[in-house]
Amino acid sequence: MRLKAGQTAPLFSLEDIYGRKIDLSSYKDKNKKILISFFRNVACPFCNFRIHQLTRKNEKWKDKLEMIFFLESKKDVVLRSTFHQDVSPIPIISDEKKVLYQEYGIEKSTFKFYGTLLSAKHRTTFKTAKEMGLAVDSGEELTRTIPADFLLDENLNIIEVYYGASAADHLPFERIEAVL
């Protein structure tokens, strides 16, 4: 079931790929917004491109926003990816069994996945990501998971819910900046 703005975000207490305990409730009342992003696996150049963009924005937003990333890849696969090592201090949580993906209503869609591959705009993103070295060969197959983003307030209430319309679609930066 999809989540909606106004709801309290489902809580979790998990270890990220670096062994740090990430307890969502510990982010409450820190006078910062929280962006929780659910990505596909490390083989997805669209997701890696978005992670790259968010990592670069982290310096600008770090006083106002905390980010937490979820990947459906196994922890050891993410750790082997040299690209994902540069993401820290942003937590990356491996959820290969997709437990939180289900709790947050992340969808799978063959139609949206193949629509992404057929789109000229997304082919350009794919090419750019590949040129930047963001198309990681992890041995994993691309999945039908469609990314989603959740922007939370200081009380862990959902301000913005964004379920992607394609495998490359995410909450626009302008909407994040408007909230910040």
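Excluded from the calculations below are hydrogen atoms, water molecules and symmetry mates; all remaining heavy atoms, backbone and side chain alike, are included.
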Heavy atoms from other residues, nucleotides or ligands near CG of Asp76 exceed 12 (cutoff 6.0 Å): yes

Test log, rule side-chain contact (heavy atoms from CB on, under 4.5 Å), inputs Asn58 and Met67: CA-CA 8 Å; Asn58 189 46; Met67 292 187 247; 3.5 Å; yes

Any Leu151 side-chain heavy atom under 4.5 Å of Tyr162 side chain: no

Asp169 side chain to Tyr163 side chain, donor-acceptor N/O pair below 3.5 angstrom: no

Over 12 foreign heavy atoms within 6.0 Å of NZ, Lys30: yes

Side-chain heavy atoms of Cys47 within contact of Val42, under 4.5 Å: no

Among Val78, Leu100, Leu14, side-chain contact (heavy atoms from CB on, under 4.5 Å) partner for Ile93: Leu14

Main-chain N/O of Asn157 paired with Asn155 side-chain donor or acceptor, under 3.5 Å: no

Contacts of Glu154 that satisfy side chain to side chain donor-acceptor pair (under 3.5 Å) - sequence neighbours left out: Lys33

Listed partners of Tyr27 passing side chain to side chain donor-acceptor pair (under 3.5 Å), at least two apart: none

Side-chain heavy-atom pair His52, Leu54 within 4.5 angstrom cut-off: no

Reported CG-to-CD1 distance for the pair Asp149 and Ile158, which is rounded to 0.5 angstrom: 12.0 Å

pair Ile34-Leu65: side-chain heavy atoms closer than 4.5 Å: no

Lys62 with Glu59: basic N within carboxylate O range, under 4.0 Å: yes

Cationic N near anionic O, under 4.0 Å, Arg144 to Glu107: no

Test ring pair (Phe, Tyr, Trp, His ring centres under 6.0 Å) applied to Phe70 and Phe12, Phe39, Phe150, the passing residue: Phe12

Residues in side chain to side chain donor-acceptor pair (under 3.5 Å) contact with Asp95, at least two apart in sequence or another chain: none

Ile92: which of Ile51, Asp16, Leu71, Leu79 passes side-chain contact (heavy atoms from CB on, under 4.5 Å): Leu71

Note, Glu160 side chain near Leu171 side chain (heavy atom, < 4.5 Å): yes

Flag side-chain contact, heavy atom, 4.5 Å: Pro89 against Tyr18: no

Under the side chain to side chain donor-acceptor pair (under 3.5 Å) test, residues paired with Lys60 that sit two or more places apart: Glu177

Set of salt bridge (charged side-chain N to carboxylate O under 4.0 Å, His left out) partners for Lys32, sequence neighbours left out: Glu66

Among Arg40, Lys97, Lys98, salt bridge (Lys or Arg N to Asp or Glu O under 4.0 Å) partner for Glu72: Lys98

Polar side-chain atom of Ser73 near backbone of Asn41 as donor-acceptor pair, under 3.5 Å: no

Pro147 and Phe38, any side-chain heavy atoms less than 4.5 Å apart: no

Residues forming a salt bridge (charged side-chain N to carboxylate O under 4.0 Å, His left out) with Asp29, sequence neighbours excluded: none

Worked verdict on Ile146 versus Lys108 for side-chain contact (heavy atoms from CB on, under 4.5 Å): CA-CA 6 Å; Ile146 304 302; Lys108 288 184 174 213; over 6 Å; no

Test: Arg50 cationic atom under 6.0 Å from Phe173 six-membered ring centre, within 45° of axis: yes

Side-chain (Asn48) to main-chain (Cys44) donor-acceptor, under 3.5 angstrom: yes

